[in-house]
Amino acid sequence: MSLTAGQGGSGAGSSGTPRGFAEHGSAHGGHGTETAPYERLFRGERLAQLEQLFTLYPTKQACLLPALWMIQEARGWISEPAIGEVAEVLGLTPAYVKGVVTFYTMYHTHPVGRHFIQVCTTTPCNICGAEDVVRALLEQTGCRELGATSPDGRFTVIEVECLGACGFATPILVDDDFIENVTPEKIAGILQRYE
Amino acid sequence: MGYPHPSHPKENPVLSKHFGDPEARSFDGWVKRGGYEALRKVLRMSPEAVVEEIKTSGLRGRGGAGFPTGLKWSLMPKADGRPHYLVCNADESEPGTFKDREIMRWTPHQLLEGCAIAAYAIGAERCYIYIRGEFTEPLKIMQQAIDEATAKGAVGANVFGSGKRIEMIIHRGAGAYICGEETAMLNSIEGKRGNPRIKPPYPAQAGVFGMPTTINNVETLAAVPHIIMRGGEWYKGLALGNPKSTGTKLISVCGHIQRPGNYEVTMGTPMKELIYEMCGGMRPGRTLKAVIPGGSSVPIMSAAEAEDCLLDYEGVVAKGSMLGSAGMIVMDDTTDMVYQIWRLARFYAHESCAQCTQCREGTAWSVRILERILTGKGKQEHFQLLLDLSDNMTGKTICVLSDSCAAPIVSGIQKFRHEFEAYIQGAREPAMAGV
Amino acid sequence: MADELVNVTIDGAPVSVPKGTTIIEAAKQAGILVPHYCYHPALPVSPALCRMCLVEVEKAPKLMPACVTQVAEGQVVHVGSDKALKAREGVLELLLINHPLDCPICDQAGECELQDYVFQEGRAGTRYSEYAKRYSPVEDFGPDVLYVPNRCILCTRCVRFMEDVAEEPVLNVSERGDRAYIGISPEQRLDHPWSGNVVDLCPVGSLISKDFLHKARAWDLDKTASVCPGCSQGCNITIDTRDDVVVRIRPRPNLEVNRHFICDYGRMNYRWLNRGDRVEAPLVKDGGRHLASDWDTALDRLGQLVRGLSGSAVILASGRASTESLGLVKLMLGRLSVTAAVQVPVGDEAPLVGVPNLALRPERAPNLTGAELLGYRTDWAEALRQVTSAGLVIVLDADLSEADQGLIAAGPGVVVVLGTVWADGLRSAELVLPVTNMAEENGTYVNRDRRIQRFNQAKSQPGMARPAWWIAGEVLAGPGPSASAPSTAAEAFELLGDKWPLFAGLTYSEMGYTGRALEAGGEGVGESQRVDLGVM
């Protein structure tokens, strides 16, 4: 079992299409693309929210993680144009922002399913059967593969490193819901709650 | 969601006294349980006196390094016109550790009160509480608590009418174990990649935004109000094993154990009592094989070492490991040690920030060697290679992430070499296919 | 405090350095190179992340990074101890596990810090043979820069240069762990006017120049200390030639002028040095045609011309002419009323924000200040007006427009071209004397901050071409064998002191290879007898 796109795994750029030598752009990581024209997020109320954040830190740059969270909460993932917008409102460059985005694994650089499921499989959960939970989740969501979105667009399942609830193995995070003591038997019931 | 276990008589619940009690979560509920008295008391003391009290208590950092808290506070420069900051490390990500989460879930005001006292002691007007991004519930609860405490005047622009400003700001992480390393955390707050910084300068000289900063773990800060109320001498008296390890400690116990959970014990409590009495021992028919006592970053202990170990900083070191963050991973005789060591190495390879060569390449290579062994392609040379690599990854990098990857590998080979041999010699079926 | 000295011993060598010096710099003072990758003296902060410079410091519990550890009194440091060597061997082994080992096709080979250190103290073989190496395709970062991720050791020098020196962070470290790579924003290109420096900073062959791609092996190159002829900044450079052809220009450190950098304009501005359409023999007008002649004949003719003339003369000089040539050509016309002008093409300014007083200057004339000190004026149009009444016009390798050539040809004066090339519009010139370009001669330029700096001959002159100062010096000395004609640029420079006291007493050896600041003085300054020279 190995980690997949968005979570790294061994080998750089495993998910990117190899590109030619003179072509412009990153051959790594294969950032997702948006089909619709980009609509700015930081306007009106959201801009006011962001400006409120500015008062909490001595630099605008420090608002980068919170601003990225705002994007992801509103849009589900962080696209290249979104990176550009965040860079602009915070006085940074897109390259800088992207370096930060790709450091933190919770930011999605690709669109994901309507419900994003993160399963802890690090040692403490692993010895308590976390891999069985993963297998059951992949099967019952129809995702088949880690990092892939189910054909109905409903779920994406990934393995994550320690969720910090080792005494309640196996914990999973469905969107923002932290669910403990998950076993393969409980999965059907859990999935029912997410349309 | 109820708390999984009632307190065991051998526990000494100080921080965890109100775990499982939903009423303790609210400001009023916390005040009813004696909350915020310590903060009121502190406001009548000088900051120096607060630091002295903590020094007396012998409180040491509960995040893993065990640095004396009072001493850390005293390293902050005196008021020099520059802003000072307190950073509360709530990025609990060390595999096996889940105590800070419970403190935040059940007693958010206990933590806020500790933060406010610490901020007062070090002359900080702002405290950033860095909570890992995955902790959705603690994030919500802590924000509610801050809102409530601010409304009640316990924190904010004028703490209990004292004229002191102590603001609490939650900074949400976004999935990076290394941000639990204090200088990486500072970078993350500043909106940067969570790369650990070189020391010196130490955070007390130049921390977040280049200003004097103290970083304390959640559990450390949560202990502070109790020390203020009951006195440093009282806390210092809570020591069964070694006078250098004082107070109580939340031990997170997980893995192959009857009753996993957080157990608050007096420093120096025998590990054997914790495992077999408080936690109810192994699952029926199983025996203890190994314990990783301090979160996954410390050397693995054999069953014999564990059963003879006292739970305090010195006691665990005496058995060849470290108390660390006291996340105890208990493994019984069904555990495939090679597989689990591989799984740990994979964790570190995934979390390496990519700065230091030894860590970036060494963790990933270690994973591959272990995969070789697990797929039945292991060789005798792999032992030496793993040990060489581990040596190369120990004590040579900016932070200790690569040391943490090496620790279970080296101790694993020392103590469970026969399990590696079984894979290498084909006596055991490969645990994974391919590679 | 800056003067307070600290005594340390490094590999047995005692050395005293100012307090605050890092071990790596102190070791340099002791003549010991501590192998390193991420540290670079030109970049403001060392991240100490490659861990290559770990050294053993007695009494320290761990090996210490020499690039950020400051020396302490009485410290004993071991760079070559077993422990330090073992640590470096370990780093090198890890840097190589995913490295393609494609030195035979890598431009960096021969000047690669990875290759050098591995050869010096790395393991003989790999222990990583069981695995496929990480592979990522080459990427196009900008107009002249390619990124070869497979060779990258993630020292981050390039990222830090763009961030901290150019202050335009278009590069980043993306991802983390062993998946990390140097990324660029898809919105942006690495096209900052100083971005070529990342190629020099890259210690391995990961960032490479398209211009230099597969042009030469490092060991085939001859390297010559020089000064950039691109603008009036006077950046110190090294001219790399292969088989007498200039193939690359790279910065040469000079903390007073350009630190460790040059701009891309200067870097790319070398092809003219290799021009093939050069005048290779003195051409003397003979009726309606020009005859290739020997130098004696040509110099006689020039001498007669200069001595036989009275009235006014005009010198139209290239801003790339050396101080020696500008000075001696002017001295040669000492008797006449001379209007001397220097050509100053103008372009955009491009500062390197992170370094004070460093920019590609609008004045694209490396010796503008030198020319001004010698009494040359920059009013080109006025000089051209003087052509209409002058008895002699000397074109000192100036790039003339067709219109200007026509104006000169139509003028009453005798035209003498001291040129690298012979423009079509000046076919009527009395004499066309082949001169060397700045890569073919020794000489000096004075930069905009009045720093006089030497450049050296990097390639041989074509045919019979000579420096213009040699031609003027021979004429000044008069016909026949004479001891007074300068035979080297250094001697030519010494002749300038008589007329221009600012240069008096200064010698080439005093200038060394980083130059000397000239004393301050007013405009036009250099001259002791301005009246005599009849400057407008």
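Below, chain A is the first sequence line, B the second, and so on; all start at residue 1. Predicted model only: the values in this text are computed from it and were never measured.
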Take C:His78 and C:Val55 through the side-chain contact (heavy atoms from CB on, under 4.5 Å) test and state the conclusion after the steps.
CA-CA 6 Å; C:His78 302 283; C:Val55 293; over 6 Å; no
May I have the step-by-step check of side-chain contact (heavy atoms from CB on, under 4.5 Å) for B:Tyr423 and B:Leu374, ending in yes or no?
CA-CA 6 Å; B:Tyr423 277 113; B:Leu374 286 166; 3.6 Å; yes
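Only the backbone of B:Cys353 comes within less than 4.5 Å of a heavy atom of chain C; no side-chain atom from C-beta onward does. The part of C:Val68 that comes within reach of chain B is its side chain, from C-beta onward, which places non-hydrogen atoms under 4.5 angstrom from that chain. Of the two parts of C:Asn172, neither the backbone nor the side chain holds a non-hydrogen atom closer than 4.5 Å to a non-hydrogen atom of chain B. Interface remark: B:Glu381 contributes no atoms to any contact with chain C (heavy atom separation under 4.5 Å). Heavy-atom distances place the side chain of C:Ile97, and not its backbone, under 4.5 Å from chain B. Contacts of C:Glu130 with chain B are made by both backbone and side-chain atoms, with heavy-atom separations under 4.5 Å. In this structure, chain B has heavy atoms under 4.5 Å from both the backbone and the side chain of C:Leu94. For a residue to count as touching a neighbouring chain, one of its non-hydrogen atoms must lie under 4.5 Å from one of that chain's; by this rule B:Ile178 does not touch chain C. Only the backbone of C:Ser46 comes within less than 4.5 Å of a heavy atom of chain B; no side-chain atom from C-beta onward does.
Taking chain C as the reference chain and counting heavy-atom pairs below 4.5 Å, the highest number among B:Gly362, B:Cys359, B:Gly395, B:Cys356 is found for B:Cys356. When each of C:Leu95, C:Thr69, C:Thr156, C:Leu63 is scored by its heavy-atom pairs under 4.5 Å with chain B, the top score falls to C:Leu95. Annotation: maximal heavy-atom pairing with chain B below 4.5 Å, among C:Asn98, C:Leu54, C:Val173, occurs at C:Val173. Listed options B:Leu401, B:Thr363, B:Asn392, B:Asp391 were ranked by heavy-atom pairs under 4.5 angstrom with chain C; first place goes to B:Asn392.
Between C:Tyr147 and C:Tyr181, a ring centre-to-centre spacing not shorter than 6.0 Å is recorded. Ring centroids of B:Tyr128 and B:His171 are separated by 6.0 Å or more, keeping the two rings apart.
Judged by distance alone, the side chains of C:Gln115 and C:His99 never bring a donor and an acceptor atom under 3.5 Å apart. Side chains of B:Glu421 and B:Gln380: a donor on one and an acceptor on the other come within 3.5 Å. Between C:Glu73 and C:Asn7, the side chains place a donor N or O and an acceptor N or O closer than 3.5 Å (distance only, hydrogens not considered). B:Tyr177 and B:Glu94 share a donor-acceptor pair across their side chains, judged by distance under 3.5 Å alone.
Between B:Tyr339 and B:Trp342, the ring planes are tilted. Angles from 30° to 60° get that label. Between C:Tyr117 and C:Tyr37, the angle of the ring planes goes over 60°, which puts this pair in the perpendicular group of the 30/60° scheme.
Both the sub-6.0 Å distance and the 45° axial angle are not jointly satisfied by B:Arg60 relative to the ring of B:Phe67. Stacking of B:Arg417 on the aromatic ring of B:Phe420 is not recorded, the 6.0 Å distance cut-off and the 45° axial limit not both being met.
Contacts of residues 191-201 of chain B with chain C at a heavy-atom distance below 4.5 Å involve B:Arg193, B:Ile198, listed in sequence order.
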